[in-house]
*Asks:* 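Handing you a structure now.
As the structure is a prediction and not an experimental result, all values here were calculated from the model. In what follows, every heavy atom counts, from backbone to side chain, and hydrogens, waters and symmetry copies are set aside.
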Amino acid sequence: MLTYTKRFMPELPEVETIARGLAKRVTGDVIESVWLGQKPEPLKSPAREIAAALEHSRILGVRRVGKHIVFDLRQNHGKPPQAWQWIVHLGMTGRMQVCEPQTEIAKHTHAIARLSSGKEVRFVDPRRFGRLSVTRAFQASGIEPLDAKFERFLELFRGRRTPIKSALLNQKLLSGVGNIYADESLFRAGIRPRRRASAITRAQFSKLLAAVKQVLQEAIVAGGSSVSDYVDADGEEGFFQLQHRVYGREGELCPVCDTRIKRVVVAGRSSHYCPQCQK
DNA sequence: ACTATGTCCTGCGAGC
DNA sequence: TGCTCGCAGGACATAG
């Protein structure tokens, strides 16, 4: 039930896979210098602030928080040493390359960090929905889906009049679920995307949180098998992804009951569901 | 406090 | 074959 892909939507499992791949390849390295492109949109912090935080910093580790990649940095040349975090959000089309300096610079490259090992970390993003920033105390806006306690989840979601799909996509509530895994989770939980959160029972919420965790975990396992094993000559990651059961399958037959999968628009996003399995 | 909607941006694929 | 056009969606702004 896996597909190999080079194109993907960076939701929680994909960002987790990318962060692990980056951690494996650049942890311990030192950023010597930084180049930032002219396009202002991808820079959430001022360019000179980003450059000042990154340059001469050692990469202590790379991890994922929600859909964000967090580089934990330590800058030794100050007294005392300064702790920084380089935050990368991939948006829709953002990619992180780890490559040699002579690798041709891809179109839409917005940032390059040159490392003392000789490698470069590059941020490439055609659509420029991605964002770069630096901070000292990064905090996710919502709860981590994989660690979420049911009572907290319930407290955040119950009673809202918005469609459950919209609530799942709201990063201030739950950090990391995007359009694809929202649809897949709702399918597994048997809930239609347009159902108002306030009309969902406690038992259904319980099933939903379990489904969210299961879908994300399975996708991480699928992606995890590809960490650092499917990097092409330009340092681009490839992935194994879970086969989607409903997402992008409008008009196809439900894998459970053979009913045709429907597509509706919720919160301006295409949403796919089985009218038989989901109520 | 919440909710709904519009906007950004480029690549790609459907359709003619 | 070559062109146009509309869709894809994460996060934020804005309005109600």
*Asks:* Could you walk me through whether Thr103(A) and Glu100(A) pass side-chain hydrogen bond (donor to acceptor under 3.5 Å, both in side chains), step by step?
*Replies:* CA-CA 6 Å; Thr103(A) 303; Glu100(A) 302 300 319; over 6 Å; no
*Asks:* Centre of Trp84(A)'s six-membered ring, under 6.0 Å away, within 45 degrees of the axis: is that where NZ or CZ of Arg136(A) sits?
*Replies:*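 Yes - Arg136(A) lies over the ring of Trp84(A), closer than 6.0 Å to its centre and within 45° of its axis.
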*Asks:* For Val246(A) and Cys274(A), work out which heavy atoms get closest and say how close.
*Replies:*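 Between these two residues, the closest heavy atoms are CG1-N, 4.4 Å.
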*Asks:* Applying side chain to side chain contact (heavy atoms under 4.5 Å, CB included) to Ser198(A) and Arg160(A), what does each step give before you reach the verdict?
*Replies:* CA-CA 5 Å; Ser198(A) 54; Arg160(A) 292 179 178 271; 6.0 Å; no
*Asks:* Leu43(A) has an atom CG; how far is it from atom P of dC8(B), in whole Å?
*Replies:*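 Distance check: Leu43(A) CG to dC8(B) P gives 19 Å.
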*Asks:* Which part of the nucleic acid, if any, lies within reach of Lys39(A) when heavy atoms closer than 4.0 Å are counted: base, sugar-phosphate only, or nothing?
*Replies:*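 No contact at all - Lys39(A) keeps every heavy atom at 4.0 Å or more from the nucleic acid.
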*Asks:* Write down the distance between CG (Asp125(A)) and P (dC9(B)), rounded to a whole number of angstrom.
*Replies:*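 Nearest whole value for this atom pair: 12 Å.
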*Asks:* Within this structure, what is the CG-to-P distance between Leu174(A) and dA11(C), rounded to whole angstrom?
*Replies:*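 In whole Å, dA11(C) P lies 12 Å from Leu174(A) CG.
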*Asks:* What is the ring orientation for His108(A) with His110(A), classed by angle as parallel under 30°, tilted 30 to 60°, or perpendicular over 60°?
*Replies:*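 Tilted, since the angle between the ring planes falls between 30° and 60°.
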*Asks:* Determine whether Arg128(A) and Glu41(A) satisfy the following criterion, salt bridge (Lys or Arg N to Asp or Glu O under 4.0 Å), listing intermediate values before the conclusion.
*Replies:* CA-CA 7 Å; Arg128(A) 311 211 298 272; Glu41(A) 299 94 334; 3.0 Å; yes
*Asks:* Reading nucleotides 3-8 of chain C from the 5' end, what letters show protein touch, with B for base, S for backbone sugar-phosphate only, - for no heavy atom under 4.0 Å?
*Replies:* -----B
*Asks:* Hey, can you pull the residues of residues 158-170 of chain A with a non-hydrogen atom under 4.0 angstrom from DNA chain B?
*Replies:*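 The answer is Arg160(A), Arg161(A), Thr162(A), Pro163(A).
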*Asks:* Looking only at side-chain N and O atoms, does His89(A) come under 4.0 Å of OP1 or OP2 in dA11(C)?
*Replies:*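 Looking at the OP1 and OP2 atoms of dA11(C), one of them is under 4.0 Å from a side-chain N or O of His89(A).
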*Asks:* Tell me which one of Asp183(A), Val177(A), Asn170(A) satisfies side chain to side chain contact (heavy atoms under 4.5 Å, CB included) with Lys165(A).
*Replies:*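 When side chain to side chain contact (heavy atoms under 4.5 Å, CB included) is applied between Lys165(A) and each of Asp183(A), Val177(A), Asn170(A), only Asp183(A) qualifies.
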*Asks:* Side chain of Glu41(A) only, heavy atoms from C-beta on: which candidate in dG10(C), dC9(B), dT10(B) is closest?
*Replies:*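 Among the listed nucleotides, the one closest to the side chain of Glu41(A) is dC9(B).
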*Asks:* Ignoring hydrogens, what is the shortest heavy-atom contact between Leu173(A) and Ala167(A)? Give both atom names and the distance.
*Replies:*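 So the minimum-distance heavy-atom pair works out to CD1-O, 3.7 Å.
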*Asks:* Round to a whole Å and report the spacing from CD1 of Ile180(A) to P of dG10(C).
*Replies:*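 That distance rounds to 8 Å.
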*Asks:* In whole angstroms, how far is the P atom of dG10(C) from the CD atom of Glu14(A)?
*Replies:*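 Atom CD in Glu14(A) sits about 11 Å away from atom P in dG10(C).
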*Asks:* Using a heavy-atom cut-off of 4.0 Å across all strands, would you classify Lys44(A) as base, sugar-phosphate, or nothing?
*Replies:*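 Since only primed, P, OP1 and OP2 atoms lie under 4.0 Å of Lys44(A), the category is sugar-phosphate.
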*Asks:* Please pick, from dA11(C), dC9(B), dG11(B), the nucleotide with the shortest atom-to-atom distance to any side-chain atom of Arg128(A).
*Replies:*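 So the nucleotide nearest the side chain must be dC9(B).
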*Asks:* dC2(B), OP1 or OP2 - any side-chain N/O from Lys172(A) closer than 4.0 Å?
*Replies:*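 Indeed not, no polar side-chain atom of Lys172(A) lies that close.
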*Asks:* For Leu90(A) and dC8(B), give me the distance from atom CG to atom P, rounded to whole Å.
*Replies:*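 Taking atom P of dC8(B) as the reference, CG of Leu90(A) is at 23 Å.
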*Asks:* Any side-chain N or O of His108(A) less than 4.0 Å from the OP1 or OP2 oxygen of dG11(B)?
*Replies:*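 Looking at the OP1 and OP2 atoms of dG11(B), one of them is under 4.0 Å from a side-chain N or O of His108(A).
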*Asks:* Test side-chain hydrogen bond (donor to acceptor under 3.5 Å, both in side chains) on Tyr273(A) and Glu250(A) and set out the steps.
*Replies:* CA-CA 8 Å; Tyr273(A) 70 97; Glu250(A) 181 189 12; over 6 Å; no
